[in-house]
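One structure is given below, encoded as structure tokens.
Every chain is numbered from 1, with letters handed out A, B, ... down the list of sequences.
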Amino acid sequence: MSTTLLRTIQLNQFSLLGTALIRRRSNNVSVRCCGSQTATTHEAKQTSPSRVAPKNHKSNKLDEILRDYEAVIGIETHVQLSTLTKAFCSCSNNYGSVPNTSICPVCMGLPGALPVLNSKVVEFGVRLGLALNCELSLKSKFDRKQYFYPDLPKGYQISQFDIPIASGGYVDLDIPLEFGGGHRRFGITRVHMEEDAGKSLHSDTGDYSQVDLNRAGVPLLEIVSEPDMRSGVEAAEYACEMQRIARYLGVSNGNMQEGSLRCDVNISIRPIGQAEFGTKVEIKNLNAFSAMSRAIDFEISRQALLYDQGKADQIVTETRLWDEGAQKTVTMRKKEGLADYRYFPEPDLPEVILTQEYVDSIRASLPELPEAKRRRYEAMGLGMQDVLFLANDVSVAEYFDAVIGKGAEVKLAANWIMGDIAAYLKNEKLSINDMKLTTQELAELIAAIKDGTISGKIGKEILFELLAKGGTVKGMIKEKDLVQITDPAEIEKMVIKVVSENQKQLEQYRSGKTKLQGYFAGQVMKMSKGKANPGLLNKILLEKLNAKD
Amino acid sequence: MATRALLAVISASPNRCFISSSRIEIQSSVSSFSSLNFQRHSRKIHRIARSYSSDKDSSVLPPPEVSRLAETARISLTPAEIEECETKIRRVIDWFGQLQQVDVNSVEPAIRADMDGGNLREDSPETFENGDSIRASIPSFEEAYLKVPKILNKE
């Protein structure tokens, strides 16, 4: 990603200006947000020095221009649900099957086939609605959204138009520290259930496309946000939080790369102080949170410059695509008027009715959500950096909770998980759930170091063993005889021996080369096979070295 | 319910949005951004839907724009056919227009006509056994994909 930044700087002038906006950006943001199965390395601790865009008068000018405008950003997120079957038929819902093998008359839209709603879809809809603090519509319905396209077998998509299952919610989140930190609340307009269309592959050559209908009928939840975001950073973090929540709830695996989480951005700018919204532009084809952030920043600059040059009328309502290679948004085709979907209630499906008991039982079964976890971790005394890391991935958070549940000290557990363990997982490309080091053993390791049974250094060695091969802390200590030596008499014996075997160095030390203490300490450590307590060792060593004799 | 069926027909006419008269002002789109406004409008449903039925001249509904209807349905019609359709469709609309005279002031607007909701299915996969005959009946099925003309725009 650093090369991307570099390339960005070297590209055309425009993107040079763009980099002025990402001055303080560390190149690690996407890693944090997309903290998928693997616990991400504790990036923040190793944050590369912020890349400062070369300051020239052009980037200052852009800054000045941007100061006069406010971006208004809304996001539509489509979450593909991880149900076993499709929304309206019992075909399997798996990613990656041979094309057109998971089909039946219903999802193919063949005459006479009728849809039957999957109960899990309702459950997931309620779960997500509650997690987003929405009001649920105890009665909602499906509608037909009609348009023609090769990947839409029925010629309409079953969706929810005016009475969605959930509406009027909000999400609380924290902006990562490298972007200034801080708490935000963004409104959620609605959440509704709908079905996905098939997948189209357009050939580069030739005038044909290929359609795979395995995905047709797969259930989606669409989340529409209020236009509350004001920057690329805020938008990216909102999207991250949608992913986090979806994964916490277990309703989706939320992979942008696989397409199980798709975000479209609606963005307009307006002069600061103006109440009316500016012309809205939609941006599609965003495959990563970092791309989202960059696309938004680019688009804000593009629009601001047009305003500034008096060419605001060149900003039209249209859909633009993010071109990852060129790092800019480009026009798709301009829309000729808005689409007419001719919505009407789906006659083949009954109302969706929720009872209060049903909703309450689901509410009671919700896991602790990311926001609640973050606040709890903060209350435990962890710094925001740690909080954001630990709460990012639900498996990591659960692991951490289990370890401290077994009595381990909070800060120590956090350090181990975010440091050595995270690095190991990243290297081995493992998820924390696949790790051989159990929560019990980590807790024991922490306790053993804390009470002095073993030294910190030995602890690290044991950690690596346990990570690679499993086993128990107690077992390893016994097997390798790793108990720390804390008996002063024993240490003294070793010190005396080392000193007597190294007369030359002793003279050098006494004649002023005090750095040689380290050499002696190393020798004693070697003799003790690393088990001597470092503190005691140095104390006794110093005494002996400085003694008259 | 009557009002709803009526509105379903009206929705086929251009520049009408379905659901309630409160929508009549909105242009035909419902790009999801204007769904931001849906919340406000859907609360109006209750008020305005009632007043709709007591409009004085409510049985006079605008004539169908058949050529546009045909375009949205992707059906090609000759001018003669268009004229013929117009009369027929208009008759149906007027017939529904009679329902406007019903006084529904004391009736709660309903989302749907049927009384029972439910009919949910368990989330357990079943392979459709005759997948082969589905694939065999696809006119241009090549290399496991449906081969279709290249269309990039979803309009």
Please flag which part of Ser137(B) lies under 4.5 Å from any non-hydrogen atom of chain A: side chain, backbone, both or neither. neither
Heavy-atom contact with chain B under 4.5 Å, split by part of Leu213(A): side chain
Could you look at Glu129(B) and say if it's the side chain, the backbone, both or neither that has a heavy atom under 4.5 Å from chain A? neither
Using non-hydrogen atoms and a 4.5 Å limit, figure out which bit of Glu126(B) sits close to chain A: side chain, backbone, both or neither. both
Answer key: most heavy-atom pairs under 4.5 Å with chain B among Pro105(A), Ser140(A), Cys91(A), Pro347(A) is Pro105(A)
Which portion of Val116(A) sits near chain B, non-hydrogen atoms under 4.5 angstrom: both
Structural part of Ser200(A) lying under 4.5 Å from a heavy atom of chain B: neither
Relative to chain B, which of Ser209(A), Ser102(A), Pro350(A) shows the most heavy atom pairs under 4.5 Å? Ser209(A)
Whatever's closer than 4.5 Å to a heavy atom in chain B on Val106(A) counts as neither
Salt-bridge present (Arg90(B), Glu86(B); N to O < 4.0 Å): no
Consider only side-chain N and O atoms of Ser97(A) and Asn214(A), and report whether a donor and an acceptor are under 3.5 Å apart. no
When rounded to the nearest 0.5 angstrom, what is the spacing between SG in Cys107(A) and CD1 in Ile134(B)? 7.5 Å
Flag the pair Phe88(A) / Phe142(A) as yes when their ring centroid distance falls below 6.0 Å, and as no otherwise. yes
Could you check whether Lys86(A) pairs with Asp196(A) (Lys NZ or Arg NE/NH1/NH2 to Asp/Glu carboxylate O, under 4.0 Å)? no
May I ask you to decide whether Asp264(A) forms a salt bridge with Arg262(A), counting only side-chain N to carboxylate O separations under 4.0 Å? no
Taken to the nearest 0.5 Å, the spacing of Leu220(A) CG from Gln80(A) CD works out to 6.0 Å
